[in-house]
Amino acid sequence: MVEYYVPKWEEIEEGILDVVEKMVNDDFVPDVIVAILTGGVIPAKLVADALGIRNIKYIDIKFYKGVESRERKPVIKAVYVDNLENKKVLIIDDVADTGETLDAVGNIITMYNPSLIRSATVYVKPWSRKYPDYYYKILDKWIIFPWDKWEVVRENTNAPIDKKEKYFDILRKLRK
Ligand code: 5GP
Ligand code: MG
Ligand code: MG
């Protein structure tokens, strides 16, 4: 049985501020943020907002098919980046599990000759082979984020999520 952890929005905000504080204490302010699609988009925007940065780029990469079920390797779908030469780059995702996604994205970003690459996530699993440079918490459960709960509910209708009845109504209409 999969154990879930369902952080509230308040915890995400606290986690983002914690990560940003660690970066600033380190004198690290990126020139460019690279968000990993799609789970990294909201954390990337929140970090960018706290630092006063507008420059966000994206990498579309897919590894997981569902809760705890993954492909053999992360698959790069598209790379939406430019002008990283001699820039300080921060790669952001919501969570690192095996660490393969951060590793693959780091390898792609390296090819654009930035001056520095660091990475940040809100959570990291204890078994990850690559820890991000900045993270909020280590957690050994499947995390259901405010931005991917319906994805989980579609797979497991028993997932511990609020407002499910309303979503099931929507789903019935969607599937008609
Ligand atoms: P990794 O490549 O480190 O194994 O997995 C990282 C990617 O898988 C992240 O981009 C994230 O979207 C997804 N992922 C891994 N673990 C979790 C989890 O516990 N909850 C959610 N929602 N996504 C996860
Ligand atoms: Mg992801
Ligand atoms: Mg995701």
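As the structure is a computational prediction, the values presented were derived from the model and not from experiment. Both counts, for ligands and for their atoms, begin at 1 and track the order of listing. The first residue of the sequence shown is numbered 1, and numbering continues consecutively from there.
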Parallel, tilted or perpendicular: which describes the rings of F145 and W147, with under 30° parallel and over 60° perpendicular? parallel
Proximity of Y167 and W150 rings by center, below 6.0 Å: yes
Is it the case that Y5 and D140 place a side-chain donor and acceptor less than 3.5 Å from each other? no
Going by atom types only, do E21 and Y134 share a side-chain donor-acceptor pair under 3.5 Å? no
Atoms of ligand 1 less than 4.0 Å from [X] heavy atoms?
| X | value |
| --- | --- |
| F145 | 21 (C), 22 (N) |
| K125 | 16 (N), 17 (C), 18 (C), 19 (O) |
| D148 | 21 (C), 22 (N) |
| A96 | 3 (O) |
| G99 | 1 (P), 3 (O), 4 (O) |

Examine ligand 1 and decide if any of its atoms is less than 4.0 Å from a heavy atom belonging to V95. yes
I'd like to know whether ligand 1 has P74 as a neighbour, heavy-atom separation below 4.0 Å. no
For ligand 1, indicate whether the residue [X] contacts it via side chain, backbone, both or neither (heavy-atom separation under 4.0 Å).
| X | value |
| --- | --- |
| R70 | neither |
| D94 | side chain |
| W142 | both |
| T101 | both |
| Y123 | neither |

For F28, does the six-membered ring have the charged nitrogen or CZ of R118 within the cation-pi criterion, i.e. under 6.0 angstrom from the centroid and within 45° of the normal? yes
Ignoring hydrogens and geometry, is there a side-chain-to-backbone donor-acceptor pair from S128 to D97 under 3.5 Å? yes
Residues clustering with I108 (ILVMFWY side chains joined when closer than 4.5 Å, directly or via others): V32, V34, I36, I59, I61, I76, V79, V81, L84, V89, I91, L102, V105, I109, M111, Y112, I117
Please identify each residue that fulfils ring-ring contact (aromatic ring centres under 6.0 Å, His included) with Y136, with sequence neighbours left out. none
With atom 9 (C) of ligand 1 as the reference point, say which of I143, V105, T98, D93 has the nearest heavy atom. D93
Does R129 pair with D103 as a salt bridge, N-O distance under 4.0 Å? yes
